Student: 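Got a structure for you, written out below as structure tokens; questions coming shortly.
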Amino acid sequence: MDATNTPPPQGEVAARSADRGGLFHTPSAELRSPAPPRGELLSVRDQFPALGDWHYLDSAATAQKPQAVIDAITNAYAHDYATVHRGVYERSASMTDAYERARAASSKLIGGEPGELVFTRGATEAINLVARVLPKEGRNRVLLSQLEHHSNIVPWQLAGYEVDVVPLTPDGQIDLDAAEQMLTEEHRIVGFAHVSNVLGSILDAKRAADIAHSKGALLLLDGCQAVPRLNVNIVTFDADFYAFSAHKLYGPTGIGCLWGRAELLDQMPPWQGGGAMIEKVTFEDSTYLDPPARFEAGTPHIVGAVGLHAAVNWVENVGIDAIHAHERALIAETRDALRSISGVTVYGPDESAGIVSFNVDGVHPHDTATILDDAGVAVRAGHHCAQPLMRWLGVEATARASFAAQSDSSDIAALVEGIEQVKRVFA
Ligand code: PMP
């Protein structure tokens, strides 16, 4: 369960908003940056066969798939399929080649080298991997932020780290001034979401890296929501680890990526044992391959990698900057539209990436989402795997509309009409 179904008492949300020093207030028009011109909007909706006239506003949970990705997956199973790394026959060799090309493309997308990218089941597994096997070097603390997804909190707890939490600025961004003050030489690593999955807040990744490195700590960026929306370059950011999932990037579920600096991956022991990660095995002892193979025990998600590669190609063809500008325009339009409806509270900073959370005063977001569903609009409602952030917002849950390349103004119009319906039902 995401949250209880008890609606917050009427007016409670608005009352809390006042306590937050303006977090939920509508800034005056002149403070808001102008939306990009509408001419920059993309037109790729017809490439998404599952959409039809459905208003899918849950891309932050998982992205819908363009036909090119579906075709790549289908073709891989229908024509090219074989195991990787082990077969001597031709089709296994070409599948291995496809798998390794997918690795190279996924790493290059974020500015990395092929040997620095480990395939995992997703961002969650990527973060667990680092938490589990990164040598602590006598430092047992991790610095996280108040807005982290549970998958960037719980792995550190399971690995025995002491967790320190950086607060947020009033508009919902990680407070890097506070991070600078809080960081000590006991911190092994700083783990921040590059983009918040609830508020869309965008981290200044380079500054976060500079802060981490100033005390000899490492920086892990949870890039799950950033890779589909922003131009990511781990070299420019000077990050040490970067985690993301294919399924939020228009690719398949079950595969994701951990990019890590080569010298760090080299120092990390294996975390799972099995086939494909060993050099030599005896009953007394075994030796292991170099990264990335060292961290990929067992038969991998072969066709997942092919699908991810197709998704990377698709994003590169459309252009990540074009996707960013498109989402930025839609977010500005959505924020303006939601703020013009009385009794709707909008969360997060104006300059946010593709994601906006809101509540209708006095209505539980599950009820909001259910009524929106009746109107053909899919939004997520709940704590979004970010319970500490919900506590900071002073709510149990929010409704969240999240956008992607195929979203358009018709989705926003349907959202607004659906919210008016929510208000009529609860009037
Ligand atoms: N971090 C963030 C910011 C996310 O939004 C998500 C997915 N909601 C995750 C991590 C976990 O991703 P996955 O479930 O694909 O491993």
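All values reported here derive from a predicted model rather than from experimental measurement. In listed order, ligands and their atoms are each counted from 1.
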Student: Using a 4.0 Å heavy-atom cut-off, say whether His384 meets ligand 1 through its side chain, its backbone, both or neither.
Tutor: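 Neither part.
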Student: Would Gln225 and Ser196 count as having a side-chain donor-acceptor pair, cut-off 3.5 Å?
Tutor: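 Judged by distance alone, the side chains do not pair up.
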Student: Roughly how far, to the nearest 0.5 Å, is the CG atom of Leu219 from the CG atom of Asp238?
Tutor: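 So the CG of Asp238 and the CG of Leu219 are separated by 8.5 Å.
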Student: Which of the numbered atoms in ligand 1 are below 4.0 angstrom from a heavy atom of Asn197?
Tutor: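 Reading through ligand 1 atom by atom, the close ones are 3 (C), 5 (O).
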Student: So which protein heavy atom does atom 10 (C) of ligand 1 come closest to, and at what separation?
Tutor: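 Answer, as residue, atom name and distance: Ser151 OG, 3.0 Å.
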Student: Specify whether Tyr161 and Trp156 have parallel, tilted or perpendicular ring planes, treating 30° as the upper limit for parallel and 60° as the lower limit for perpendicular.
Tutor: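 Ring orientation, 0 to 90° scale: perpendicular.
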Student: Can you tell me if Lys248 has a non-hydrogen atom under 4.0 Å from ligand 1?
Tutor: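 Per 4.0 Å heavy-atom rule, Lys248 contacts ligand 1.
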Student: Side chain, backbone, both or neither: which part of Ala193 comes within less than 4.0 Å of ligand 1 when only heavy atoms are counted?
Tutor: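 It is neither; nothing of Ala193 touches ligand 1.
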Student: Classify the angle between the aromatic ring planes of His194 and Tyr242 as parallel (below 30°), tilted (30 to 60°) or perpendicular (above 60°).
Tutor: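 Taking Tyr242 first and then His194, their aromatic rings stand perpendicular (interplane angle over 60°).
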Student: Considering only protein heavy atoms, which is closest to atom 14 (O) of ligand 1, and at what distance to one decimal place?
Tutor: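 That would be Thr124 OG1, 3.6 Å.
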Student: Hey, are Asp240 and Arg261 close enough for a salt bridge, meaning a charged N less than 4.0 Å from a carboxylate O?
Tutor: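 Yes.
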Student: Between Thr398 and His384, do the side chains contain a donor N or O and an acceptor N or O under 3.5 Å apart?
Tutor: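 Note: His384 and Thr398 side chains meet the donor-acceptor criterion.
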Student: When you look for heavy atoms under 4.0 Å from ligand 1, do you find them on the side chain of Asp222, its backbone, both, or neither?
Tutor: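 Looking at Asp222 and ligand 1, just side chain atoms fall under 4.0 Å.
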Student: Using a strict 4.0 Å threshold on nitrogen-to-oxygen distance, state whether Asp361 and Lys423 make a salt bridge.
Tutor: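 No salt bridge links Asp361 with Lys423.
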Student: For Ser245, counting its heavy atoms only, list the atoms of ligand 1 lying under 4.0 Å from any of them.
Tutor: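 Close to Ser245: 12 (O), 13 (P), 15 (O), 16 (O).
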Student: Mark the output for Cys385 as yes if a heavy-atom distance to ligand 1 is under 4.0 Å, and as no if none is.
Tutor: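 It does not, in that no heavy atom of Cys385 comes within the 4.0 Å cut-off of ligand 1.
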Student: Of all the non-hydrogen atoms in the protein, which one sits nearest to atom 12 (O) of ligand 1, and at what distance?
Tutor: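 Nearest protein contact, heavy atoms only, for atom 12 (O) of ligand 1 is Cys224 SG, 3.4 Å.
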Student: What protein heavy atom lies closest to atom 5 (O) of ligand 1? Include the residue and the distance to one decimal.
Tutor: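 I find the closest protein heavy atom is Gln225 NE2, 2.7 Å.
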Student: For Arg121, which part has a heavy atom under 4.0 Å from ligand 1: side chain, backbone, both, or neither?
Tutor: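 The answer is neither; Arg121 stays 4.0 Å or more away.
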Student: When you compare the side chain of Trp271 with that of Glu125, does any pair of heavy atoms fall below 4.5 Å?
Tutor: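 Result yes, sub-4.5 Å side-chain heavy-atom pair found.
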Student: We want to know whether Thr62 and His247 form a side-chain donor-acceptor pair, criterion being a heavy-atom distance below 3.5 angstrom.
Tutor: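 The criterion, which ignores hydrogens and geometry beyond distance, is satisfied for His247 and Thr62.
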Student: Return the closest protein heavy atom for atom 4 (C) of ligand 1 as residue, atom name and distance.
Tutor: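 Here the closest protein heavy atom is His149 CD2, 3.4 Å.
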